[in-house]
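Data block below; observations after.
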Protein chains: 2
Amino acid sequence: MVYDYAGMVALADPTRRKVFELVAEGPRSVANLARTLPVSQPAISHHLKVLKEARLVRAEPRGASNIYHIDPHGLGEMRAWLDQMWGNALDAFRNEINKAKEQK
Amino acid sequence: MVYDYAGMVALADPTRRKVFELVAEGPRSVANLARTLPVSQPAISHHLKVLKEARLVRAEPRGASNIYHIDPHGLGEMRAWLDQMWGNALDAFRNEINKAKEQK
DNA sequence: CATAATCATAAACCATGGCTTATGATAAAC
DNA sequence: GTTTATCATAAGCCATGGTTTATGATTATG
C-alpha cells in the first residue's frame, strides 16, 4: 500500500487538528472557522489547504463562501493504511516473541 | 476517547518514520539504526525518545545495547482512536447528506 | 586494568513551518 | 453601482524542532 503520510503530517499541528475536528462535526465556512478559533482567516485558509491536499477535507463553493466538509475517501485511505501497518507490525512482533521462546 | 495525538506527531517527521518502520520490521539497537540511516547516533536516540513517549516503541536494555521494539499496546491505542474518529466523522457526514436531501 | 563499544543528554545551529498583516478577487447586499 | 462580506495568496517574522558535535556513563572486550 502506498501512503504519503500527508494525513499524519496534517494532523500533527494542534490548530489544524481543531480545524479538522470542527469540520468533522459538520460543514463549515472559512469565515465561521475563523470566528470560532483564535487565529486569523488566512491562517485558517492555509490549514484548510494542507488538510485538502492531505485529502482529509473537501471544499464546496457556495456563493461567496467556501464550505468545507470531510473527505470520506481520503480519510478511509488513512484508516486503511494504519490498519495494515498495525497488522504488519503486530505480525512481526509475534514472530520475534516466538523466536525468543525457541531460544530457550 | 482520550488521545493526545502523540503518535501522529511522532510519525509526522520523515526520519522518525524510517526509524519506526525499521523497528516495526524487527527489534533493533540504537547503533544498528544509526549505521542504517544517514543521521547521527544522537539523532536516532532523540527520535526513539519521541517514539517511546508516543508509546509507539519500547526499549529493552541488553548489555551495553538498548534494543527497541514496537509497543503493541500504544500502537493499538492509536489505531482504536483513528477507528472511532473515522466512524464519527462518517456518521456526521451521512447526517449532512440526509439533511441536504430533505431540503429538496 | 585499559580499551573499545553503546547510548543518552546538553548545547548550539539553522531550516521548516505556523502566524500576522497586507492585498486583490469574487459574490452578495443595499 | 457602491459597499460589505468572503476567501486565497504573498511577504515577512519568529518560534519550534531536527541535526551535529561534544561529553559522560555504562558495559563488553582484551
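All chains are named by letter (A, B, ...) in the order of the sequence lines, taking the proteins before the strands, and each is independently numbered beginning at 1. Only heavy atoms go into these numbers, but all of them, side chains included; no hydrogens, no water, no symmetry mates.
- Phosphate proximity of D/dT19 to B/Ser40: absent, as no side-chain N or O sits under 4.0 Å from OP1 or OP2.
- Closest contact between the side chain of A/Gln41 and the listed nucleotides C/dC7, D/dT6, D/dA8 involves D/dA8.
- When each of C/dT20, C/dA8, D/dC7 is scored by its nearest atom to the side-chain atoms of A/Ala31, the top-ranked nucleotide is D/dC7.
- Contact annotation: A/Arg28 side-chain N/O to D/dT6 OP1/OP2 distance is not under 4.0 Å.
- Within 4.0 Å of B/Ala43, counting heavy atoms only, lies at least one base atom of the nucleic acid.
- The CG atom of B/Asp13 sits 17 Å away from the P atom of D/dT16 (whole-angstrom rounding).
- A sub-4.0 Å separation between OP1 or OP2 of C/dT6 and a side-chain N or O of B/Tyr68 is absent.
- Taking the six-membered ring where the residue is Trp, A/Trp81 and A/Tyr3 present parallel rings, their angle staying beneath 30° rather than reaching 60°.
- A cation-pi geometry, defined here as NZ or CZ lying under 6.0 Å from the six-membered ring centre and within 45° of its normal, holds between A/Arg17 and B/Tyr5.
- The separation between A/Ile67 atom CD1 and D/dA5 atom P is 17 Å, rounded to whole Å.
- The listed nucleotides are D/dC7, D/dG18, D/dA22; the one nearest the side chain of B/Pro42 is D/dA22.
- Rounded to a whole Å, the CG atom of B/Asn66 is 15 Å from the C1' atom of D/dA28.
- No hydrogens or angles considered: nothing links the side chains of A/Arg62 and A/Ser29 as a donor-acceptor pair under 3.5 Å.
- Listed by chain and residue number, nothing satisfies the ring-ring contact (aromatic ring centres under 6.0 Å, His included) test with B/His46 (two or more places apart in sequence, or in another chain).
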Could you go through A/Lys18 and A/Glu21, starting from their C-alpha distance and side-chain angles, then the distance that decides it, and tell me whether this counts as salt bridge (Lys or Arg N to Asp or Glu O under 4.0 Å)? CA-CA 5 Å; A/Lys18 289 176 188 162; A/Glu21 287 168 356; over 6 Å; no

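- Nearest heavy atoms, B/Ile67 versus B/Pro27: CG2-CB, 3.6 Å.
- Taking every heavy atom of residues 44-65 of chain A and every atom of DNA chain C, pairs under 4.0 Å involve A/His46, A/His47, A/Gly63, A/Ala64, by number.
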